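One structure is given here, and the rest of the page talks about it.
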Amino acid sequence: MAKEDLFKNLIAHCKEYGFIFQSSEIYDGLSAVYDYGQNGAELKNNIKKYWWDSMVLLNENVVGLDSAIFMHPKTWKASGHVDAFNDPLIDNKDSKKRYRADALIEEYLEKLEAKIQKEVEKAGKRFGDSFDEKMFRETNPRVTANQEKIDTLNERFARAMNDNDLADLKQIILDYEIACPVSGTRNWTDVRQFNLMFATEMGSTADTALKIYLRPETAQGIFVNYINVQKTGRMKLPFGIAQIGKAFRNEIVARQFIFRMREFEQMEMQFFIKPGTEEQWFEHWKKVRMRWHKALDLGEENYRFYDHDKLAHYAAAATDIEFKFPFGFREVEGIHSRTDFDLGQHQKFSGKKLQYFNPETNESFVPYVVETSLGLDRIFLQIISAAYKVEEMEKEDGSTDSRVVFKLPPVLAPVKLAVLPLVKKDGLPEISRKIMNELKYYFNCQYEEKDSIGRRYRRQDAIGTPFCITVDHQTSEDNTVTIRYRDSMKQERVQVDKLKEIIAGHVDMSSFLRKLESE
RNA sequence: GCGGGAGUAGCUCAGUUGGUAGAGCAUCAGCCUUCCAAGCUGAGGGUCGCGGAUUCGAAUUCCGUCUCCCGCUCCA
């Protein structure tokens, strides 16, 4: 099957079996927003538990937090998001390229500056030692003309940016005949503002309302609570704060199913450290996080690190853990060395001390931060992409047969086992119900009696149920059932009272975590 | 946002120059009892993405709009 088809089929499969639906589908949907269905919600919760437990249970110096989506507007000034997420953009209609309008103008200014520089250098060579640069700049007509152009443009540009005058930004581009570097034409659209943060108002009357944003990342909720957690938890450096929560970005183009959504969920841990130890902790968390991913057993060859050359405004070092999706290698998790940027900014904007006092050395300082930031929806997509298999097999009579199977890690599977009476009579349903009623306290179970046993197995394969328990006529004689394994399709006959132990061995989170740490 | 493709039942799709909306699978009920889908009988389910125009009559033609997919672009 072609890769595109595979991805399409996966999306269709997710809908058909209750994993993911498009938001508000009966109203034609809402772009780049998705809902998790009955099976998707279970899988998502299990992923969260795996992450949360691996952070908070396995690391005694990492604690959890659940901060609000709404935050004081100053938060986003301090974090840099208000500035970084508000770009005036313009499109060239011929080349179809999109640019930041301010960047185009700045580039033009640089060109003018370069022209002057060239004149100066030329003159410098000609006159040798007797060259008076200041005099030359003030008197040469070509230089003064360009310098005047720069000065007037600079002034107008600064005013337009300050007033957020989009119309004038476009007019500048037209007036100074700035052309597209690709097409060379000046066929421009209007300048439009793309604000990547969703805004709303808090307060019931318009005149007192405060403009607030839906958080574009969960990290700031951790930073603003740094002191609260450190003091009340009596935390000593190094320590971490972990959080799972929704974040919102008004993406210009959101595509590729749940890979890039406008409303998404992050699993982030901010690790506070002494300055000077950031390299060591950066390497530590790179290793730990990669091990966490690989324990899911989705194929070693599907992972790689990608180190950033261009760094975001907050980062000193950054790497991504990338996974090979059906559409190529993409970022799933970011590990960033954020220095004291965030705490420093919040200290500055709030006027509150966000420091750590080391009683041994009598020093106070703003801690450095290494963060691990994982996209929950992305790792969900990663897991189902790797788990979705169409298998061809040969039947006993030589004809071919196929099945669609979700080979989800058993510990994450939405339904752990199905209890199936072989036939719908002879008391088999009653025995099955009894078994189910005992196991339901430990595992998410399903009971099914409709259709042939083979077809019921296939249905369970399609949602990734790792175990099918089949009750047959022998059960009433010796209290045994068959247990059928999803991946091998092999069956074993076991005692009913052994079921809990056998299944727990495969799906229990605590044993999975133990395995993770022992590796 | 731009270019290309698409939208008909839960899923995959057919639907001829405009003339009463179909199939397979799935679902539900019943029959049959069988350890790896596709046995038999019957039933339910669609204002053909939405809105408008043309027409005696529109799934089909035209306009607008929404959504999805691919490629740019943007973002991490």
Side-chain angles (χ1 to χ4, degrees), chain A residues 3-5 7-9 11-18 21-34 37 84-85 87 89-100 182 189-190 192 194 196 216-217 247 249-257 259-260 262 264 266 306 308 310-315 318-320 322 327 330-334 336 373 375 378 391 393 395-396 399-405 420-426 428 449-462 468-474 481-486 488-491 493:
Chain A
K3 278 184 173 173
E4 270 170 39
D5 291 338
F7 191 46
K8 265 190 178 167
N9 290 346
I11 295 168
H13 187 85
C14 281
K15 185 188 173 185
E16 190 167 358
Y17 290 94
F21 308 123
Q22 202 187 355
S23 164
S24 323
E25 202 187 57
I26 61 168
Y27 292 106
D28 287 334
L30 188 62
S31 178
V33 186
Y34 290 90
F85 274 32
D87 298 337
L89 298 178
I90 189 165
D91 294 291
N92 183 271
K93 290 180 186 165
D94 299 312
S95 65
K96 314 288 182 205
K97 297 284 175 191
R98 167 169 294 167
Y99 303 93
R100 284 178 54 170
V182 175
T189 63
D190 286 342
R192 284 157 301 180
F194 285 82
L196 274 315
E217 64 174 28
R249 285 186 199 175
N250 206 353
E251 300 283 357
I252 299 165
V253 172
R255 283 262 175 84
Q256 274 149 341
F257 198 36
F259 185 81
R260 177 164 297 135
R262 299 213 156 91
F264 58 102
Q266 293 184 308
Y306 172 77
H308 291 223
K310 278 192 201 163
L311 297 171
H313 60 272
Y314 52 76
T319 194
D320 292 340
E322 295 193 332
F327 42 85
R330 294 293 145 85
E331 176 192 351
V332 171
E333 174 158 6
H336 305 131
S373 174
R378 288 184 178 186
E391 292 186 342
M393 60 203 103
K395 285 168 96 167
E396 280 173 24
S399 64
T400 57
D401 193 10
S402 74
R403 66 166 182 161
V404 176
V405 54
L420 317 168
L422 185 61
V423 294
K424 217 184 334 185
K425 58 174 192 182
D426 304 333
L428 302 192
E449 58 179 31
K450 169 93 178 136
D451 293 316
S452 76
I453 190 71
R455 193 197 292 251
R456 280 177 275 165
Y457 287 152
R458 294 301 162 87
R459 272 204 291 263
Q460 294 299 329
D461 287 343
C468 287
I469 309 302
T470 306
V471 175
D472 56 19
H473 292 94
Q474 197 182 324
V481 292
T482 62
I483 179 163
R484 179 252 193 199
Y485 298 95
R486 177 194 68 197
S488 65
M489 297 169 73
K490 295 263 162 56
Q491 283 177 281
R493 185 160 281 279

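Keep in mind that what you see is a predicted model, and the values were worked out from it rather than measured. Within every chain, numbering begins at 1; the chains are lettered A, B, ... in the order of the sequence lines, protein sequences first and strands thereafter.
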*asked:* Strictly by Watson-Crick or wobble contacts shorter than 3.5 Å, is anything paired with B:C2, and which nucleotide is it?
replied: B:G71
*Over all heavy atoms of both residues, which pair between A:F257 and A:Y34 is shortest? Give the atoms and the distance, please.*
O-CE1, 3.5 Å
*What interatomic distance, in whole Å, is found between P of B:G10 and the corresponding atom of B:G46?*
8 Å
*Distance, C1' atom - from B:U60 to B:G7, rounded to whole angstrom*: 14 Å
*Provide, to the nearest angstrom, the distance between the CG atom belonging to A:D451 and the P atom belonging to B:A37.*
12 Å
*asked:* Between B:U47 and B:U8, how far apart are the two C1' atoms, rounded to whole Å?
replied: 12 Å
_For B:G24, give the paired nucleotide (Watson-Crick: N1-N3 plus N6-O4 or O6-N4; G-U: N1-O2 and O6-N3; both under 3.5 Å), or none._
B:C11
_Counterpart residues, salt bridge (charged side-chain N to carboxylate O under 4.0 Å, His left out), relative to A:E322 (two or more places apart)_ = A:R304
*Who pairs with A:F264 by ring pair (Phe, Tyr, Trp, His ring centres under 6.0 Å), at least two apart in sequence or on another chain?*
none
*Rounded interatomic separation in angstrom, taking CZ from A:F259 and P from B:C69*: 14 Å
*Tell me, please, which residues at least two apart from A:D472 pass salt bridge (charged side-chain N to carboxylate O under 4.0 Å, His left out).*
A:R493
*Not counting sequence neighbours, which residues clear side-chain contact (heavy atoms from CB on, under 4.5 Å) with A:I453? List them please.*
A:L420, A:L422, A:R456, A:Y457, A:T470
*Go ahead and name the base partner of B:U17; Watson-Crick or wobble counts if both distances stay under 3.5 Å, otherwise write none.*
none
_For B:G30, give the paired nucleotide (Watson-Crick: N1-N3 plus N6-O4 or O6-N4; G-U: N1-O2 and O6-N3; both under 3.5 Å), or none._
B:C40
Can you pull every protein N or O that's under 3.5 Å from an N or O on nucleotides 41-50 of chain B?
residue	atom	partner	partner atom	Å
B:G49	O2'	A:D28	OD1	3.0

*B:C31 P sits how many Å from A:K450 NZ, rounded?*
11 Å
*Options B:C36, B:C68, B:C75, nucleotide nearest the side-chain atoms of A:Y34*: B:C68
_Strictly by Watson-Crick or wobble contacts shorter than 3.5 Å, is anything paired with B:C50, and which nucleotide is it?_
B:G64
*Spacing of A:R459 atom CZ relative to B:C36 atom C1', expressed in whole Å*: 13 Å
_Rounding to an integer number of angstrom, what distance separates B:A29 and B:C36 when you compare their P atoms?_
25 Å
*Which residues pass the side-chain contact (heavy atoms from CB on, under 4.5 Å) test with A:S23, sequence neighbours left out?*
A:L30, A:V33, A:D35
Are there any protein N/O atoms within less than 3.5 Å of an N/O atom in nucleotides 32-35 of chain B, and if so, which ones and at what distance?
residue	atom	partner	partner atom	Å
B:C35	O2	A:Y457	OH	2.9
B:C35	O2	A:Q491	OE1	2.8
B:C35	O2	A:Q491	NE2	2.4
B:C35	N3	A:Q491	NE2	3.3
B:C35	N4	A:D472	OD2	2.6

*Protein-nucleotide distance (A:I469, atom CD1; B:C36, atom C1'), rounded to Å*: 15 Å
Pull out every protein N or O sitting under 3.5 Å from an N or O of nucleotides 11-14 of chain B, one pair per line with the distance.
residue	atom	partner	partner atom	Å
B:C11	OP1	A:K15	NZ	2.3

*Looking only at side-chain N and O atoms, does A:R455 come under 4.0 Å of OP1 or OP2 in B:A37?*
no
*Which residues satisfy the side-chain contact (heavy atoms from CB on, under 4.5 Å) test with A:V423, sequence neighbours excluded?*
A:K425, A:D426, A:L428, A:H473
*asked:* Using atom P in both nucleotides, what's the gap between B:C63 and B:A21 to the nearest angstrom?
replied: 26 Å
*Rounded to the nearest 0.5 Å, how far apart are CG of A:D461 and CZ of A:R455?*
14.0 Å
_Atom-to-atom span, CG of A:N250 to P of B:G1 - whole angstrom_ = 11 Å
_Integer angstrom distance from the C1' of B:C25 to that of B:U16_ = 26 Å
*What residues form a salt bridge (charged side-chain N to carboxylate O under 4.0 Å, His left out) with A:E16, not counting sequence neighbours?*
none
_How many whole angstroms separate atom CD of A:Q22 from atom C1' of B:C69?_
12 Å
_For A:R378, salt bridge (charged side-chain N to carboxylate O under 4.0 Å, His left out) partners two or more places apart_ = none
*Whole-angstrom distance between B:U33 and B:C40, as gauged at atom C1'*: 14 Å
_Tell me every residue that passes side-chain contact (heavy atoms from CB on, under 4.5 Å) with A:K15, counting only those two or more places apart in sequence or in another chain._
A:F21, A:E25
*Using the C1' atom on both, measure B:U73 against B:C2 and round to a whole Å.*
8 Å
*Please report, rounded to the nearest Å, how far the C1' atom of B:G10 is from the CG atom of A:N9.*
16 Å
